[in-house]
Amino acid sequence: MVEIFDAIKKSAIRIKWLIENEDTGYSQNINATGDTQLKLDIKSDLVIEEEFRKISSVKEIISEEKEEKTPIYENGKYLVGYDPLDGSSLLDVNFSVGSIFGIYKGEYDGAHMVAAVYVIYGPVTQMVTAYEDVGMYKLNSDGDFAFIKSLELNQSGAINATGGTHSNWSKKHHEMIEKIYSKGHRLRYSGGMVPDLHQILLKGGGLFSYPSTSDRPEGKLRMVFEVFPFAFIYEKAGGGATNGKKRILDLKPSHPHDTTPCYFGSKDEIDLVLKHNE
Ligand code: AHM
Ligand code: MG
């Protein structure tokens, strides 16, 4: 696992350089989910693939930007599902973006996830790893990621972050969000799941949701690259993650690019979501 985390650190340093120095415009390509790729989505994907190709414990990789799984080492133990540059459409407005990694053994589903990592490229670059516990690291000027602290969610928090177009929300979701606000929560939403979930984690708790909407009944966020890794991290930090009815890590995608409605948060907020959907 250490060598996988090291490959992620090396990729992060290279992606940070690309963000700061390369063209942040769109390419002519469309990815597997139908989004037009930015040139940086493609470059970041290649950087990560290159770094994982050096690691003999990696059996196979699949990313949000790739149509198909890519075999690496036949005798490798781990499968890695990743989103190389999540929130990349926010690059032009200079908001934080991130890379998300799920490390699996055997299958790409929650039950087979063994570790998860994300990197956030903000005013500073940080990395959060969840393996035995959840730890945060910061990239120093000498190129090393220094351990900062362990992260743990409180029983409840004060932040609410909800995605999707409001006019496409269900009545039920509107009512649930009203309940959250009536408890005193405040809106904090950048439109990048890495900074939005990082904020909730660092500020002790709250709720992030990307619900089912009339235009996207299965939500927008992809299980293998985005939702399972954060579900793993939130559970390890003492919170939870649900699709509204079921625990996220019990879901089984039938295709690596499958999406799901999702709610991540501290315990009280996740209980509220589950009760509301009973
Ligand atoms: P991307 O992988 O194409 O960048 O899309 C994922 C992003 C998430 O970071 C974020 O939570 C969501 O899209 C925001 O979507 P919306 O603008 O519909 O609220
Ligand atoms: Mg993404």
Side-chain angles (χ1 to χ4, degrees), residues 11-12 15 18-19 24-27 29-45 47-48 61-67 80-102 108 116-122 128 159-170 173-174 177 187-201 206-231 233-234 241 243 248 253 255-265:
S11 308
I15 293 171
L18 291 174
I19 294 170
T24 56
Y26 282 92
S27 72
N29 303 349
I30 295 187
N31 70 12
T33 343
D35 306 323
T36 305
Q37 292 171 306
L38 272 91
K39 292 176 193 158
L40 278 185
D41 288 322
I42 301 168
K43 285 191 178 164
S44 307
D45 187 35
V47 161
I48 294 170
I61 57 173
I62 175 125
S63 91
E64 186 175 308
E65 307 304 340
K66 291 187 200 304
E67 202 75 44
V80 187
Y82 62 93
D83 183 352
L85 204 53
D86 183 73
S88 51
S89 63
L90 298 170
L91 282 169
D92 58 352
V93 291
N94 200 19
F95 275 17
S96 296
V97 293
S99 303
I100 312 168
F101 303 84
Y108 293 95
V117 179
Y118 67 84
V119 177
I120 176 163
Y121 311 97
V128 172
I159 293 175
N160 179 55
T162 311
T165 307
H166 293 202
S167 55
N168 294 337
W169 287 357
S170 66
H173 187 70
H174 273 287
I177 294 301
L187 174 66
R188 293 287 183 267
Y189 190 71
S190 75
M193 79 179 298
V194 176
D196 288 332
L197 281 160
H198 190 59
Q199 177 166 212
I200 292 172
L201 202 52
L207 182 70
F208 173 96
S209 35
Y210 204 104
S212 162
T213 56
S214 54
D215 55 336
R216 293 177 191 262
E218 290 309 315
K220 174 182 183 189
L221 300 175
R222 300 91 177 164
M223 290 190 234
V224 171
F225 322 118
E226 297 164 324
V227 178
F228 289 153
F230 272 109
I233 293 165
Y234 265 56
N243 69 354
I248 291 282
H255 185 278
H257 289 272
D258 281 356
T259 61
T260 179
C262 51
Y263 302 82
F264 305 88

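All of these numbers come straight from a predicted model, not from anything done at the bench. Computed from heavy atoms alone, side chains included, the values below leave out hydrogens, waters and symmetry copies. We count ligands from 1, going down the list as the structure has it; atoms in each ligand are counted the same way.
- Listed by number with element, the atoms of ligand 1 under 4.0 Å from a non-hydrogen atom of Gly164 are 18 (O), 19 (O).
- Not one N or O on the side chain of His173 forms a donor-acceptor pair closer than 3.5 Å with the backbone of Tyr210.
- Using a 4.5 Å heavy-atom cutoff, the side chains of Pro84 and Phe225 are not in contact.
- Between atom 13 (O) of ligand 1 and the options His166, Lys220, Met193, Arg216, the minimum heavy-atom separation is to Lys220.
- Taking the six-membered ring where the residue is Trp, His166 and His174 present perpendicular rings, their angle passing 60° and hence far from 30°.
- Looking only at N/O/S atoms, Glu64 comes nearest to the Mg ion (ligand 2) through OE1.
- At the shortest separation from atom 4 (O) of ligand 1 among protein heavy atoms lies Gly87 N, 2.7 Å.
- Remark: side-chain polar atoms of Ser63 are paired, donor with acceptor, to backbone N or O of Glu65 under 3.5 angstrom.
- Looking at Asn168, Asp86, Thr165 and measuring to atom 6 (C) of ligand 1, the nearest heavy atom belongs to Asp86.
- Of all atoms in ligand 1, numbered sequentially from 1 with element shown, those under 4.0 Å from a heavy atom of Gly192 are 9 (O).
- Close contacts of ligand 1 with Phe208, meaning ligand atoms under 4.0 Å from a residue heavy atom, involve 11 (O).
- Of the protein's non-hydrogen atoms, the one nearest atom 3 (O) of ligand 1 is Asp35 OD2, 3.7 Å.
- Listed by atom number, the atoms of ligand 1 under 4.0 Å from Ser88 heavy atoms are 4 (O).
- A distance-only check finds a donor-acceptor pair linking the side chain of Asp196 to the backbone of Gly191 [under 3.5 Å].
- Here the side chain of Thr259 pairs a donor or acceptor atom with the backbone of Glu218 at under 3.5 angstrom.
- Tyr118 and Asp83 are not linked by any side-chain donor-acceptor pair at a separation below 3.5 angstrom, with hydrogens and angles left out of the test.
- Looking at Ser209, Gly163, Gly191, it is Gly191 that brings a heavy atom closest to atom 10 (C) of ligand 1.
- For ligand 1 and Asp83, the ligand atoms under 4.0 Å from any heavy atom of the residue are 2 (O).
- Near Glu226, meaning under 4.0 Å from any of its heavy atoms, are these atoms of ligand 1: 2 (O), 6 (C).
- The protein atom (non-hydrogen) at minimum distance from atom 18 (O) of ligand 1 is Tyr210 OH, 2.7 Å.
- Judged by distance alone, with hydrogens and angles left aside, the side-chain atoms of Ser209 form no donor-acceptor pair with the main-chain N or O of Pro211 at under 3.5 Å.
- Not one N or O on the side chain of Thr213 forms a donor-acceptor pair closer than 3.5 Å with the backbone of Trp169.
- Short contacts between ligand 1 and Glu64, defined as distances under 4.0 Å to a heavy atom of the residue, involve ligand atoms 1 (P), 2 (O), 3 (O).
- Note on Asp86: its N/O/S atom closest to the Mg ion (ligand 2) is OD1.
- The Mg ion (ligand 2) lies at the vertex of an angle of 100° between the OD2 atom of Asp83 and the OE2 atom of Glu226 (rounded to 10°).
- Here OH of Tyr234 is found 4.5 Å from CD1 of Ile200. Values are rounded to the nearest 0.5 Å.
- Protein heavy atom at the shortest distance from atom 19 (O) of ligand 1 is Tyr189 OH, 2.6 Å.
- The 12-atom threshold is exceeded at CG of Asp215, counting heavy atoms of other residues, nucleotides or ligands nearer than 6.0 Å.
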